[in-house]
> 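Here it is, the structure, as structure tokens.
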Amino acid sequence: MQTQSIYQQALGRDFDRLHPQIQRRFGLASSSGMAAIGQGQMSMIWNGGLPLRPLLHAGQARHIMFAEWGAQIPFTIENYAYRDAAGRETVTWLRTFQVNPQTKRRFDAYMVYSDQRACIVDYLGTHQHFAVDLAMWVDQRGGMCLRSGAQRFYEGWLGFKFPRILSGTAEVCEWYDEATAQFRISVVVTNPVWGPVFGYQGAFTVEWRPMCATMLPAKAFPQRLERRA
């Protein structure tokens, strides 16, 4: 029996308004028996400059943003779907940027649908310390767009909500370009005080690979599981 994807749960009937290729991407679920492996190039990666470099460097260790910038950066994106140890339908997003010949940077996320919050919760980084509520909608191109909302930090017994002044708002859109037969993506992270923080834009193609639960690579799973939404 085919499991409904977390994005279908979030969008409801609007899911059918997505471009068919975007529907396939965001229809990935644990019962699909597939993984989506994308390869392409980011035409631009940028950040807010020197004042934000310490923050961006700190995020590198847990695969949450990074400080490098540049153009025409080789890029891969891996999506795996499974049920986590808490029984939640989960989609892993592993984004790898070859920022220079010697250096790769990762940006990892693990998404679940929360009935409690009535939205997708995005756990950022290898240890799922940061939980972010996501609002989603379909644009005029049939693309999937999202905006981050409330953000929380969890570690052991500790849990608190980030004040808006200390958090960033991410706006992301992924759509399908019929002319080039590629997926295109745009990511912009801003802060109400600091302004632009981090972002990238580019294009990629996707290969669908048969992938049952027992075949998933270790990197498809977080190093620490957070059960709180």
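These numbers come from a predicted model, not from an experiment.
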> Does atom CD of Gln39 have more than 12 heavy-atom neighbours, drawn from other residues, nucleotides or ligands, at distances under 6.0 Å?
no
> Is the ring pair His19/Tyr176 parallel, tilted or perpendicular, if the boundaries are 30 and 60 degrees?
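Ring orientation of His19 relative to Tyr176: tilted.
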> Do the two ring centres, one from Phe15 and one from Phe26, sit under 6.0 Å apart?
no
> Checking side chain to side chain contact (heavy atoms under 4.5 Å, CB included) between Thr90 and each of Phe221, Tyr113, Tyr80, Tyr82, which is the one that passes?
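Option passing the side chain to side chain contact (heavy atoms under 4.5 Å, CB included) with Thr90: Tyr82.
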> Could you go step by step and tell me if Gln21 and Asp177 meet the side-chain contact (heavy atoms from CB on, under 4.5 Å) rule?
CA-CA 10 Å; Gln21 291 290 344; Asp177 186 342; over 6 Å; no
> Just wondering, do Asn79 and Arg25 contact through their side chains at under 4.5 Å, heavy atoms?
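Sidechains of Asn79 and Arg25: in contact.
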> Tyr200 vs Phe198 aromatic rings, parallel, tilted or perpendicular, using cut-offs 30° and 60°?
perpendicular
> Who passes ring pair (Phe, Tyr, Trp, His ring centres under 6.0 Å) against Trp137, sequence neighbours left out?
none
> Do the side chains of Glu174 and Phe183 get nearer than 4.5 Å, heavy atoms only?
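Touching, per the 4.5 Å side-chain cut-off.
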> Any chance you could lay out the side-chain contact (heavy atoms from CB on, under 4.5 Å) test for Phe162 and Arg152, step after step, and finish with the verdict?
CA-CA 6 Å; Phe162 268 99; Arg152 299 166 296 283; over 6 Å; no
> Identify each donor-acceptor pair in which a side-chain atom of residues 205-217 lies under 3.5 Å from a protein atom, sequence neighbours left out, and give them as a table.
unit_1 : atom_1 : unit_2 : atom_2 : d
Glu207 : OE1    : Arg209 : NE     : 3.4
Glu207 : OE1    : Arg209 : NH2    : 3.3
Glu207 : OE2    : Arg209 : NE     : 3.4

> Test side-chain contact (heavy atoms from CB on, under 4.5 Å) on Thr103 and Glu68; report intermediate values, then the result.
CA-CA 10 Å; Thr103 307; Glu68 286 85 358; 4.3 Å; yes
> Any idea how Phe66 and Phe97 line up, ring-wise: parallel (<30°), tilted (30 to 60°), or perpendicular (>60°)?
tilted
